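What follows is a short report on a single structure.
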Amino acid sequence: MKSKLESQTIKLQSKLSKKVISKNCLPKKIKIVCGIDVSYKEKMAFCTAIILDINNLNIQETIRFSMKISYPYIPGLFMLRESEPILQTLKKIKTDFDILLIDGHGRLHPRFCGLACYIGIKMNKSTIGVAKKILCGRTKSDSTVEYKGKILGFELKNNKKKIYVSVGHKINLKSAVNIVKQLILEKKWYPEPLRLADSDSKNFRKQYLHKKITH
DNA sequence: GCGACAG
DNA sequence: ATCTTGTCGC
């Protein structure tokens, strides 16, 4: 049984999919990138945004934000669960960044509007969707991912591990893939801003839970 | 109808 | 995502 909110969100996704811009709206030289990720403990969400310089990977700013969360994870409706902590965290960032990496799909989504598209439109920022698992579509021999006759994603393989890149907003697929490739370090398989954000959000959660015991 | 299914 | 031991590799 689908709730009212779920039906509304599905409609919203279809509507917003038409507003997604799959063309580059970026400065010639990208300098500052942001990666954001969320960890969970029961009904608490712990979100970290890492802002770094793409040229030297020096961290410019780290932002943490936690909140109580109420919505479960539903495939295709991930935004219902994860968009609020992400948007709240982004509000606290002081450093201006050129591009935002999101842990989840962009246009490679059943309604062409995954979390990365939603955040991009909401923030009016360039975003890239990076997911560890495919949600829809099929990978072709040239590593592009096709869904309903459209090339919407790209599969990157690093030592058996796969990731799926797709347009979030205000960028084209080719540029999105190039930026993600540039951010995957030697011996790593996940782009550095997201790897750092994932790691820090888990530390954030650990510290929060420890405080709960000691106080 | 059945299976698959971002985090 | 989270839970969770030992284990493989640098």
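Note on naming: letters A, B, ... go to the chains in the order of the sequence lines (proteins, then strands), and numbering restarts at 1 for each one. Every heavy atom of this structure was used, including side-chain atoms; hydrogens, water molecules and symmetry mates were not. Predicted model, so just to flag it, every value in this text is computed and none were measured.
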inquiry  = Which helical stems does DNA chain B take part in, if a stem means at least 3 consecutive Watson-Crick or G-U pairs with both distances below 3.5 Å?
reply    =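 Output for stems: empty, none.
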ask   = Knowing that exactly one of A:Ile50, A:Leu57, A:Thr62 qualifies, which makes a side-chain contact (heavy atoms from CB on, under 4.5 Å) with A:Leu196?
value =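 Of the listed residues A:Ile50, A:Leu57, A:Thr62, the side-chain contact (heavy atoms from CB on, under 4.5 Å) partner of A:Leu196 is A:Ile50.
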key: Distance-only polar pair, side chains of A:Gln60 and A:Thr95, donor-acceptor under 3.5 Å   =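 Distance-only check fails for A:Gln60 and A:Thr95.
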query = Regarding A:Tyr208 and A:Ser39, is there a side-chain donor-to-acceptor distance under 3.5 Å anywhere?
reply =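 No pair is found: no donor N or O on one side chain lies under 3.5 Å from an acceptor on the other.
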key: A:Arg81 side chain to A:Tyr71 backbone, donor-acceptor under 3.5 Å   =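 Answer holds: yes.
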ask   = Salt-bridged, A:Lys125 to A:Asp96, with N to O below 4.0 Å?
value =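 So A:Lys125 pairs with A:Asp96 through a salt bridge.
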key: A:Asp103 bridged to A:Lys132 by N-O distance under 4.0 Å   =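 Salt bridge flag = yes for A:Lys132 with A:Asp103.
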Might you list the N or O atoms of the protein lying below 3.5 Å from N or O atoms in nucleotides 2-7 of chain B, with each pair's distance?
| unit_1 | atom_1 | unit_2 | atom_2 | d |
| --- | --- | --- | --- | --- |
| B:dA6 | OP2 | A:Tyr73 | OH | 2.4 |
| B:dA6 | O5' | A:Tyr73 | OH | 3.3 |
| B:dA6 | N7 | A:Gly76 | N | 3.0 |
| B:dA6 | N6 | A:Gly76 | O | 3.1 |
| B:dA6 | N6 | A:Phe78 | N | 3.2 |
| B:dA6 | N6 | A:His109 | NE2 | 3.3 |
| B:dA6 | N1 | A:Leu115 | N | 3.0 |
| B:dA6 | N3 | A:His105 | N | 2.9 |
| B:dG7 | OP1 | A:Lys132 | N | 2.7 |

ask   = Just how far is it from atom CE of A:Met67 to atom OG1 of A:Thr89, taken to the nearest 0.5 Å?
value =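 Spacing of CE (A:Met67) from OG1 (A:Thr89) equals 9.0 Å.
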query = Any cation-pi pair here, A:Lys41 with A:Phe46, using under 6.0 Å and within 45°?
reply =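 No, A:Lys41 does not lie over the aromatic ring of A:Phe46.
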inquiry  = I need the CD1-P distance between A:Ile86 and C:dA1, as an integer number of Å.
reply    =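 Interatomic distance, CD1 of A:Ile86 to P of C:dA1: 13 Å.
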message = Rounded to whole Å, how long is the line connecting atom NZ of A:Lys206 with atom C1' of C:dC3?
response =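 After rounding, the reported distance stands at 16 Å.
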